[in-house]
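Residues take their numbers from the sequence shown, with the count starting at 1. Keep in mind that the numbers below use all heavy atoms, side chains included, and drop hydrogens, waters and symmetry copies.
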Amino acid sequence: MQKFPMTAEGLARLEEELKVLKGEERPAIIRAIAEARAHGDLSENAEYHAARERQSFIEGRIGELESIIPSVEVIDVSRLSGDQVRFGAHVTIVDEESDDEKTYRIVGQYEADMKNGSISVTSPLAKALMGKKVGDAVEVPAPGGARSVEITAVTYA
């Protein structure tokens with residue numbers, strides 16, 4: 001079985017999502033389907049079809065989470081330190097052309113969220129940064145061509 005690295009917080013979020021889907025969403029959608037079915041002709045019942053589509057999504061997500069959670073390998077990032085980029089690190093980089101500074105946290109593929117500054121350990125950026133240290137210049141593959149960035153900080157807070 002393939003193991004997926006993940007932070008303890010990421011695993012807790014997935015477990016909470018599964019709990020909500022099974023304990024709240026699933027029963028609610030079953031009630032919605034029963035209610036829509038009571039309205040009669042199902043072939044022209046938009047409520048019924050929308051509820052069935054939502055049920056399909058919920059059941060699919062439950063199945064996905066039930067297959068991911070047992071395969072998670074929790075990495076305790078609180079015990080990590082140093083200036084070398086590893087899983088769980090908060091890495092601050094500066095684009096050498098534009099001087100844009102960004103900070104990312106390197107996390108597991110199932111907890112990555114670019115909007116919150118978390119990138120997957122399997123992403124091209126994370127792969128390029130892994131093992132590097134503060135002060136290193138790194139070539140990062142990008143859609144418009146490789147970009148050069150400098151690592152300015154690595155923390156494990």
Would you kindly confirm whether M130 and L80 end up in one hydrophobic cluster when ILVMFWY residues are joined by side chain heavy atoms under 4.5 Å apart?
yes

Mind checking whether L18 and E66 have side chains closer than 4.5 Å, heavy atoms only?
yes

Please name the pair of heavy atoms, one in E139 and one in A146, separated by the smallest distance, quoted to 0.1 Å.
OE1-CB, 3.4 Å

If hydrophobic clusters are built by linking Ile, Leu, Val, Met, Phe, Trp and Tyr wherever their side-chain heavy atoms come under 4.5 Å apart, do Y110 and V74 end up in the same one?
yes

To the nearest 0.5 Å, tell me how far I30 CD1 sits from Q55 CD.
6.5 Å

Which residue pairs pass the side-chain hydrogen bond (donor to acceptor under 3.5 Å, both in side chains) test when at least one of the two sits in residues 10-20, sequence neighbours left out?
E17-R61

CD/E59 to NZ/K22 distance, rounded to the nearest 0.5 angstrom?
9.5 Å

Using the rule given for side chain to side chain contact (heavy atoms under 4.5 Å, CB included), can you reason through E101 versus T92, listing the C-alpha separation, both sets of side-chain angles and the distance that settles it, and then say yes or no?
CA-CA 7 Å; E101 181 178 270; T92 302; 3.5 Å; yes

Enter the distance from M114:CE to Y104:OH here, rounded to the nearest 0.5 Å.
4.5 Å

Hey, could you give me the OG1/NZ distance between T122 and K127, rounded to the nearest 0.5 Å?
6.0 Å

Spatial distance of atom CZ (R105) from atom OG1 (T7) [nearest 0.5 Å]
5.0 Å

In terms of hydrophobic clustering (I, L, V, M, F, W, Y; side-chain heavy atoms under 4.5 Å; direct or indirect links), are I106 and V149 co-clustered?
yes

Under a single-linkage definition using a 4.5 Å side-chain heavy-atom cutoff for Ile, Leu, Val, Met, Phe, Trp and Tyr, are I119 and Y156 assigned to the same hydrophobic cluster?
yes

Below 4.5 Å, heavy atoms only, C-beta onward: do V154 and Q84 meet side chain to side chain?
no

Output for pair (I68 CD1, M6 CE), nearest 0.5 Å, gives 7.0 Å

Which atom pair, heavy atoms only, marks the closest approach of A128 to V138?
O-CG1, 3.4 Å

Yes or no on salt bridge (charged side-chain N to carboxylate O under 4.0 Å, His left out) for E96 and R147, after CA distance, side-chain angles and deciding distance?
CA-CA 8 Å; E96 293 184 344; R147 308 276 306 187; over 6 Å; no

With T152, the side chain to side chain contact (heavy atoms under 4.5 Å, CB included) member among V134, I93, V94:
V94

Mind checking whether V77 and V72 sit in one hydrophobic cluster, side chains of I, L, V, M, F, W, Y counted as touching below 4.5 Å?
no

Using every non-hydrogen atom in the two residues, find where P141 and P124 come nearest and quote the distance to one decimal.
CG-CB, 4.0 Å

Around atom CD of E53, are there more than 12 heavy atoms from other residues, nucleotides or ligands closer than 6.0 Å?
no

Would you check if R52 and I33 make a side-chain contact, meaning some heavy-atom pair closer than 4.5 Å?
yes

